[in-house]
Amino acid sequence: MNLNVVYFAWLRERIGEPSEMVETNAATVADLIKELRTREERYDLAFSDLDAVRVAVDQTLTDFDAPLDNAREVAFFPPMTGG
Amino acid sequence: MNLNVVYFAWLRERIGEPSEMVETNAATVADLIKELRTREERYDLAFSDLDAVRVAVDQTLTDFDAPLDNAREVAFFPPMTGG
Amino acid sequence: MAVLVQQADFDLAQELAQLGGADGSAGAVISFTGLVRGDSDLHALELEHYPAMTSAALEQIEQAARKRWGLIDVRIIHRFGKLELGQQIMMVAVSAPHRRAAFEAADYIMDYLKSRAPFWKKEHSTQGTAWVDAKPEDEDDLARWT
Amino acid sequence: MAVLVQQADFDLAQELAQLGGADGSAGAVISFTGLVRGDSDLHALELEHYPAMTSAALEQIEQAARKRWGLIDVRIIHRFGKLELGQQIMMVAVSAPHRRAAFEAADYIMDYLKSRAPFWKKEHSTQGTAWVDAKPEDEDDLARWT
């Protein structure tokens, strides 16, 4: 499956890209993170503290257990600071 | 002592005057109310339910036990409904 | 800082423009406006007040809130007289460094205006006129702050 | 009802003028404005957001508040981009029949905007730049509404 993976705030800065297409067979968000961390050190570093990472699948906030079937976009970001 | 006694809202309407000078020796607000009630039926009626009456002495909210020495103005009114 | 008691209408935008804190000291500004709301047959609200006492009562409420929450600025305007459906009755505007202080202070000021500012409301409706009764909850609201 | 996500500034007075409820249905109108506050050396705030998600997230918060408190109208504007000291970051305006509903709804919307709207703030100061961390209290604030 081809996923659009997007990053915001310091995750974007650490990974060095605002978004990228990822070819993956990951079943869940957690699997996808595992896969990304094996890629390069900048990914490993960005995802080293998962307590500080939030995820949205297809623009809906969810958790790391969320399945990725039919997903088109996965976004990673720190806790939001709106308002 | 000469007191300016003022009335607001339905107390003003029942008594029929917005204010009046009262010559009295009442020691407390409660004494003053007792005195007023003996005057005429409209006073007796206006003060028949003291739970519904509030008092300010010299523009400061107080209670019926408040002394009147050196007081210049006593105001009677229902619970306030500002805002 | 300003407390105004007046018959005339006010311009909320103008009041907010005059509120202190726009220099970077305030992170939060809240305004509350009370309007004449039309239940059933109501067409106007008449506000009576105690002129000799009103401003001092409002200032006391304002000072207490300012001190308790470290507010940057407060503006209160309360009208009296006969007001038609939809018209502005009063406004409170506060500026504070942080959001929570601004919310609590505005809420506090409204609770105290309700039960400790010497105003009385009379409803004019097709049924005639009737004084608005204070609600038992109004006193409970005050107890939230003690 | 309106939710706007924009880089441009907004005019609070104009937004309030467009808020529904001035026909006598609203008894209470509240506005909250968030401003860039200058702690020590801060001179600007940069807001990043998730364009594909932001409007939907704000609308969800708005709908939930509208339903829960029976609001008459809600307007939310949230800016992004680089904002200087003292500038407006966002606003929420609500109108409701009664005061308590207006206060609670505005408070609720702010709590949710804080932790559930996809914005991230970066402080620009004389010390350089730093992402603003979410506070543990922000999640506690949300728990107030469940």
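Computed over heavy atoms, backbone and side chain alike; hydrogens, waters and symmetry mates excluded. Here is how names work: the chains are called A, B, and so on, in the same order as the sequence lines, proteins then strands, and each is numbered from 1.
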Best-contacting candidate, C/His98, C/Met91, C/Glu84, against chain D by heavy atom pairs under 4.5 angstrom: C/His98
Minimum heavy-atom distance between C/Phe32 and D/Phe103, given as atom pair plus value: CD1-CE1, 3.6 Å
Largest heavy-atom contact set with chain C, pairs under 4.5 Å, which of D/Ala17, D/Ala93, D/Ala28: D/Ala28
Greatest number of heavy atom pairs closer than 4.5 Å to chain D - which of C/Ser31, C/Ala13, C/Gly86: C/Ser31
Part of D/Leu12 within contact of chain C (heavy atom distance under 4.5 Å): side chain
Approximate separation, where rounding is to 0.5 Å, of C/Lys114 NZ and D/Arg99 CZ: 5.0 Å
Engaged part of C/Ser25 at the chain D interface, taking heavy atoms whose separation is under 4.5 Å: backbone
Engaged part of C/Ala106 at the chain D interface, taking heavy atoms whose separation is under 4.5 Å: both
Heavy-atom contact with chain C under 4.5 Å, split by part of D/Asp11: neither
D/Gln87 atom CD: more than 12 heavy-atom contacts under 6.0 Å: yes
Enclosure of C/Glu48 CD (heavy-atom neighbours >12, cutoff 6.0 Å): yes
Region of C/Leu16 in contact with chain D, defined by heavy-atom distances below 4.5 Å: side chain
Heavy-atom pair count under 4.5 Å with chain D, highest-scoring of C/Ala22, C/Gly38, C/Gly24: C/Gly24
Structural part of C/Asp107 lying under 4.5 Å from a heavy atom of chain D: both
Option that, when pairs with chain D are counted at under 4.5 Å, heavy atom only, ranks first among C/Gln88, C/Gln14, C/Arg144: C/Arg144
Rounded distance (nearest 0.5 Å) linking atom CZ of C/Arg37 with atom OG of D/Ser95: 12.5 Å
